[in-house]
Amino acid sequence: MSWITTLPQRLQDLIPQVDQQIQPQLAIIDQRIDDNQAKVLQAFQDQQLAETHLNGTTGYGNNDLGREVLDAMYAQIFKTEAALVRPQFVSGTHTLAVGLFGCLLPGQKLLYLTGKPYDTMQQVIGIAGDGRGSLKEYGVKFRYQPLTDAGTVDFDHLTATLQEFAPDVVAIQRSRGYDPRPSFTVQQIAQLIAFVRQILPNVIVFVDNCYGEFAETQEPTEVGADLMGGSLIKNAGAGLALTGGYLVGRQDLIERAAIHLTAPGIGSDGGATGSNLRAMIEGLFLAPQVTGNAIKGAIFAAALLDQLGFQVTPQWDEPRTDLIQTILLGSPEKMVQFARAIQKYSPVDSFVTPEPSMMDGYVDPIIMAAGTFVQGSTIELSADGPLRPPYALYLQGGLSYAHVRIALAHACAEIL
């Protein structure tokens, strides 16, 4: 008996129609998986990964050959001079903070090109929270460029801002974060970087790549980004990495970031990898496949929810540049109801009832469904969002396409 027969008749009839509808989009994602997998495999071969590299170090982490090979593979895959891939990064926010502190000196200027930064980054910058240890406390001046109502860059306004503010570093947030605006594709990022460099040729371009790795066959570092970072409990860790983050980019910027992660005189030469290396390396190898599965799940979710009358963005047939599927629910009560339905069909803590609560780095209560093997992992199926207008829930992840289909279908049955 098929699992579909356990659903209400309306969903039994609708799901085969959705499956047929989205086949052309799934074929596009399957081709991306193949292309990205080939690129990753080539790096593993070129850097001569050996079984001995899967074993980490302790203490100071001196002479960690596996760590060096992992850095080299990241640099090759993302086509950069250097990489810093470490379990000492506690989150994506920590990784990005280290990167920004490495780029900026007291008195210099940071401009976000893609609107107001993600909630946790606002505290890093110092425009939210108490400001302790923030870039603002260190004397870094900050602005962000508001986006248009359509979520795009106003280039005329940006020209004036670049000329008047003259930033030392410009930052691009690829993914929408907790904002219903569209995520920025690599092509759009390339156009934005080229535009900025016409006005400020020497400005440092920093990209927050969270949720974007392997979603396309090109990455922002291939189109002009000087430094880029992300989390290993998102795409690049494939659900296997238990913690960590990565920075890739120019050699000098990577080393400055490494100094902020460790200390002057140590930089990228220290830091034990312990028992993390095997999962970080194997996760990188599987990342194209797992990321593709999650994106296929998001396409299925968009099509099914749209057919059921929910407002979603992006639509099922729109270009995909990250994992995130936004569901606009219109009220905090509906957000909580949907999140609880997702939690019920998770492999871990399916019996738990999520409640809105405050979380470190956020200024609004968050509802989060996260029945994940790795705490907070958003490459695994999860749904979360801040309880504030427009009351949008952000669905992301899924280690297997089958799980996303089963969980979402049953969640829809719960809330209909």
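On a predicted model such as this, the values are computed, not experimentally measured, just so you know. Scope of the values below: all heavy atoms of this structure, side chains included, with no hydrogens, waters or symmetry mates.
- In this structure, L100 and L110 have side chains that are in contact, with non-hydrogen atoms separated by less than 4.5 Å.
- By the 4.0 Å N-to-carboxylate-O rule, R174 lies too far from E213 to be salt-bridged with it.
- In this structure the side chain of V348 never reaches within 4.5 angstrom of the side chain of S346, judged on heavy atoms.
- When the salt bridge (charged side-chain N to carboxylate O under 4.0 Å, His left out) test is applied to E318, no partner is found at least two apart in sequence or on another chain.
- Ion pairing between a basic and an acidic side chain is recognised when a charged N comes within 4.0 Å of a carboxylate O; D269 and R67 show no such pairing.
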Please test S268 against I254 for side-chain contact (heavy atoms from CB on, under 4.5 Å), starting from the C-alpha separation and ending with a verdict.
CA-CA 8 Å; S268 60; I254 289 293; 5.7 Å; no
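- In this structure, D226 pairs ionically with R197, as a charged nitrogen and a carboxylate oxygen lie closer than 4.0 Å.
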Report the C-alpha distance between F338 and L305 in whole Å, list the side-chain angles of each, state the deciding distance to 0.1 Å, and finish with yes or no for side-chain contact (heavy atoms from CB on, under 4.5 Å).
CA-CA 12 Å; F338 202 107; L305 290 166; 3.9 Å; yes
Applying side chain to side chain donor-acceptor pair (under 3.5 Å), run through S400 and N293 and close with a yes or a no.
CA-CA 6 Å; S400 75; N293 285 337; over 6 Å; no
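- Screening D208, I189, I172 for a side chain to side chain contact (heavy atoms under 4.5 Å, CB included) with T114, the sole residue that qualifies is I172.
- T120 and T93 are linked by a side-chain donor-acceptor pair at a separation below 3.5 angstrom, with hydrogens and angles left out of the test.
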Assess whether side chain to side chain donor-acceptor pair (under 3.5 Å) is satisfied between Q17 and D13, documenting all intermediate values.
CA-CA 7 Å; Q17 298 172 26; D13 295 339; over 6 Å; no
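- At most 12 non-hydrogen atoms from other residues, nucleotides or ligands lie less than 6.0 angstrom from NZ of K334.
- Listed by chain and residue number, nothing satisfies the salt bridge (charged side-chain N to carboxylate O under 4.0 Å, His left out) test with E380 (two or more places apart in sequence, or in another chain).
- P117 places a side-chain heavy atom less than 4.5 Å from the side chain of I125.
- Within the 4.5 Å cutoff, no side-chain heavy atoms of I342 are placed close to those of M368.
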Evaluate Y178 against D384 for side chain to side chain donor-acceptor pair (under 3.5 Å), listing each step before the verdict.
CA-CA 9 Å; Y178 281 159; D384 53 86; 2.4 Å; yes
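- In this structure, K136 forms no cation-pi arrangement with F142, as its terminal cationic atom is not both closer than 6.0 Å to the ring centre and no more than 45° off the ring axis.
- Between K296 and D30 a salt bridge is recorded (basic side-chain N to carboxylate O distance below 4.0 Å).
- Side-chain atoms of T291 and I33, non-hydrogen and from C-beta on, never get closer than 4.5 Å to each other.
- Ion pairing of R176 with D322 is absent here, as no side-chain N (NZ or NE/NH1/NH2) approaches a carboxylate O to less than 4.0 Å.
- Separation of the Y246 and F89 ring centroids does not fall under the 6.0 Å cut-off.
- Checked for salt-bridge contact, D364 and R388 meet the test: a charged N lies under 4.0 Å from a carboxylate O.
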